[in-house]
Amino acid sequence: MNRPLPFTPGPIGVFDSGFGGLTVLREIRALLPEYDYLFLGDNARAPYGTRSFDVVYHYTLQGVMALFRRGCQLVILACNTASAKALRSIQQHDLPRLDPRRRVLGVIRPTAEVSGRLTRSRHVGILATPGTVASQSYDLEIRKLFPDITVTGEPCPMWVPLVENFEYDRPGADYFVRQSVGRLLQRDPQIDLMILGCTHFPFLLPKIRQAVPQGVTVIAQGEYVARSLEDYLRRHPEMDALCTRGATCRYLTTEDPERFDETARFFMGDDVQSDHIDPEET
Ligand code: DGL
C-alpha cells in the first residue's frame, strides 16, 4: 500500500505497545490540553519488552505509519522499549525516505535529563523491561549528561503482563514488585532515585512506593515527557503549526476496543471509545 501520506495539520500521535502510553498521554494532555491527540496501543502484540530488536522495530514502524496515515505529523513513542530499540532507526533511516518534515520523538532522553537533579547519592536505578535494560539506553543517556552517576538497570519481565492483564492492583502483583525492587537494591544499596523506565509501570506505582525504603525517590516519566514536548513545540514553531488545536483525544487499539475502553476510561478519567485497527495494515 503506497498511498501518499497526507501533509496537512493533524493530531499529535502517541504510540505504545499497550496501555502504558496512557500514563504519558494523561500528563501531556494535562499540560497541553489545547492540542488534538491520537493514541495507538498495540495491545494485541504487547508486551514488546521481551521481543527482539528487529521485531520491536518492525511493530513500532507499523504503528508510526498508522498514525502518519491518519494525519499525525508528530508522533511520540510513549514506550521505552520502542524508544530504545526503534527510535534511532526510524529517525535516521525511515523518516528521510518517508517524509523528512515529520518527527518521531522518544521518552528516554527527557527522563535522563532530569535524573541529575533528583539524586544526591549519584546512584540511580532503572526499573524497565528486559529489552530496555539490555539496550543500555538509560546508562548511555544518563552518563553522557552526568558522568558522575552510576546507573543500574533491573529488568522486570513480569510487570507489563500484570498491567496488560489487569492484575496491577491485585495482591499477587506485590510479590513481583517486591522481588524486582529488592534485587535492584541488592545490586546497588546506594540508589536513592529509581526511574520507572517503562510507561506501563506507573499503574503499579502505589505498590512500588510501598516496596521502596524511605529516602528512595521513585519517578514516573510522564510529566517530564510532557514538559519536554512543550519545550519542543516552543522551539519548533513549524511543527507546532502542523499540530491542530481542537482539544480532542481519539484512541486506536489493535485488540478488542471494549476491553481497551474500560481500562482507558478508568485511567484517563474520561469517556473513551476506541476504534480497532489491524496491526498489519501497513
Ligand atoms: N510500555 C512500554 C515501555 O515503556 C513497553 C512495555 C512492553 O510492551 O513490554 O517499555
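As the structure lists them, so they are numbered: ligands from 1, and atoms in each ligand from 1.
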Would you say the rings of Y37 and Y251 are close, in the sense that their centroids are separated by under 6.0 Å? no
Look at the aromatic rings of F203 and Y168 and report parallel, tilted or perpendicular, splitting at 30° and 60°. perpendicular
Is any side-chain heavy atom of M158 closer than 4.5 Å to a side-chain heavy atom of Y175? no
Ring of Y59, cation from R51 - is the NZ or CZ under 6.0 Å from the centre and inside 45° of the axis? no
Which of the atoms in ligand 1, numbered in the order shown and given with their element, are less than 4.0 Å from a heavy-atom of T129? 6 (C), 9 (O), 10 (O)
Any N/O pair N80/ligand 1 closer than 3.5 Å: yes
Evaluating non-hydrogen atoms only, which member of R51, E164, K85, H200 is closest to atom 1 (N) of ligand 1? H200
Contacting atoms of ligand 1, where contact means under 4.0 angstrom from a heavy atom of T81: 3 (C), 5 (C), 10 (O)
May I ask you to identify, for D16, whether its side chain, its backbone, both or neither come under 4.0 Å of ligand 1 on a heavy-atom basis? side chain
Output the list of atoms in ligand 1 that are nearer than 4.0 Å to some heavy atom of S17, sorted by atom number. 5 (C), 6 (C), 7 (C), 8 (O)
What residue and atom, counting heavy atoms only, is the protein's closest point to atom 9 (O) of ligand 1, and at what distance? G49 N, 2.7 Å
Side-chain donor-acceptor pair present, D42, S17, cut-off under 3.5 Å: no
Heavy-atom pairs closer than 4.0 Å: do any link ligand 1 to the side chain of T199, the backbone, both, or neither? both
The residue among N80, T199, T23 that forms side chain to side chain donor-acceptor pair (under 3.5 Å) with Q221 is N80
What atoms of ligand 1 come closer than 4.0 angstrom to any heavy atom of Y48? 7 (C), 8 (O), 9 (O)
Scan side-chain atoms only and decide if T81 and T129 contain a donor-acceptor pair under the 3.5 Å cut-off. yes
Of C79, P202, A82, the one whose closest heavy atom lies nearest atom 2 (C) of ligand 1 is C79
